[in-house]
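Order of the sequence lines fixes the chain letters, A, B, ..., with proteins taken first and strands second; residue numbering starts at 1 for each chain. None of the values given here were measured: they were computed from a predicted structure.
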Amino acid sequence: MSAYEQIYAVVRLIPLGKVATYGQIATLAGLPGHARQVGYALFRVAPGADVPWQRVVNSRGEISYSALRHGSDDIQRLLLEEEGIQFNPNGRIDLRHYGWQPLPLSELATEQSQEGGSKSRL
DNA sequence: CAGATGACAAGAT
DNA sequence: AATCTTGCCATCT
């Protein structure tokens, strides 16, 4: 499997109503520190693919607006708002609230263990 | 094959 | 806190 498909697999795991950062996706995909490759991979996502690319934002919780995106950046914001994500006045998302916090190993295996989740949240 | 570029991130200023 | 600079790697010229 190519590294890009691995990236797409992780992006597909982002639940509706949550967002993840490029660096986070890179780490979960087994490419720690290679956030740029994640962005490049998402650029190559074919239209119609079942990849929620709109749920990936930069580390500042903001959409990466670019002139080379044919306006898909603007669509990204609309899609996120459709999913119930609220933007700050400065156009940023509060990652403390909407940031996706994946469970360890839950991406590679079917999450079956489900106990009371009173763990630290830092 | 070498140089430039890019949906980023972290460190320095 | 905001902006600039450097690192990283796959693709494109």
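If you take CD of A/Gln37 and P of C/dC12, they are 13 Å apart, rounded to a whole angstrom. With rounding to whole Å, A/Tyr22 atom OH is found 19 Å from C/dG7 atom C1'. Rounded to a whole Å, the CD atom of A/Gln24 is 21 Å from the P atom of B/dA7. A/Leu31 has its CG atom 14 Å from the P atom of B/dA9, to the nearest Å. The distance between atom CG of A/Asn58 and atom P of B/dA9, rounded to the nearest whole Å, is 5 Å. Atom C1' of nucleotide B/dC8 and atom CZ of A/Arg69 are separated by 12 Å, given to the nearest angstrom. A straight line from CD1 of A/Ile25 to P of C/dC8 spans 22 Å, rounded to a whole angstrom. At whole-Å resolution of the value, CH2 in A/Trp53 and C1' in B/dC8 are 17 Å apart.
Checking A/Gly33 against A/Arg44, the closest nucleotide of DNA chain C that is more toward the 5' end is the one next to A/Gly33.
In this model, the phosphate group of B/dC8 is not approached by any side-chain N or O of A/Ser59 to a distance below 4.0 Å at OP1 or OP2. A sub-4.0 Å separation between OP1 or OP2 of C/dC8 and a side-chain N or O of A/His34 is absent.
A donor-acceptor pair under 3.5 Å links the side-chain atoms of A/Gln76 to the main chain of A/Val56, judged by distance alone. At least one donor-acceptor pair under 3.5 Å links the side chain of A/Tyr8 to the backbone N or O of A/Ala41. The closest donor-acceptor contact from the side chain of A/Ser66 to the backbone of A/Arg69 lies at 3.5 Å or more, if one exists at all.
Side chain of A/Tyr40, nearest nucleotide from B/dA9, C/dC12, C/dC9: C/dC12. Minimum atom distance to the side chain of A/Ser66 is reached by B/dA7, of the listed C/dT11, B/dA7, B/dC8. In this structure, of B/dA9, B/dA7, C/dT11, it is B/dA9 that holds the atom nearest to the side chain of A/Ala35.
Residues passing the salt bridge (Lys or Arg N to Asp or Glu O under 4.0 Å) test with A/Arg12, sequence neighbours excluded: A/Asp50.
Within 4.0 Å (heavy atoms only), A/Leu68 reaches sugar-phosphate atoms of the nucleic acid but no base atom. If you check every strand for non-hydrogen atoms under 4.0 Å, A/Tyr4 touches sugar and phosphate atoms only.
For the salt bridge (charged side-chain N to carboxylate O under 4.0 Å, His left out) condition, the pairs that include at least one residue of residues 81-91 of chain A, sequence neighbours left out, are A/Arg55-A/Glu83, A/Arg77-A/Glu81.
Residue side chain A/Arg36 reaches the base of C/dC8 through a donor-acceptor N/O pair under 3.5 Å, judged by distance alone.
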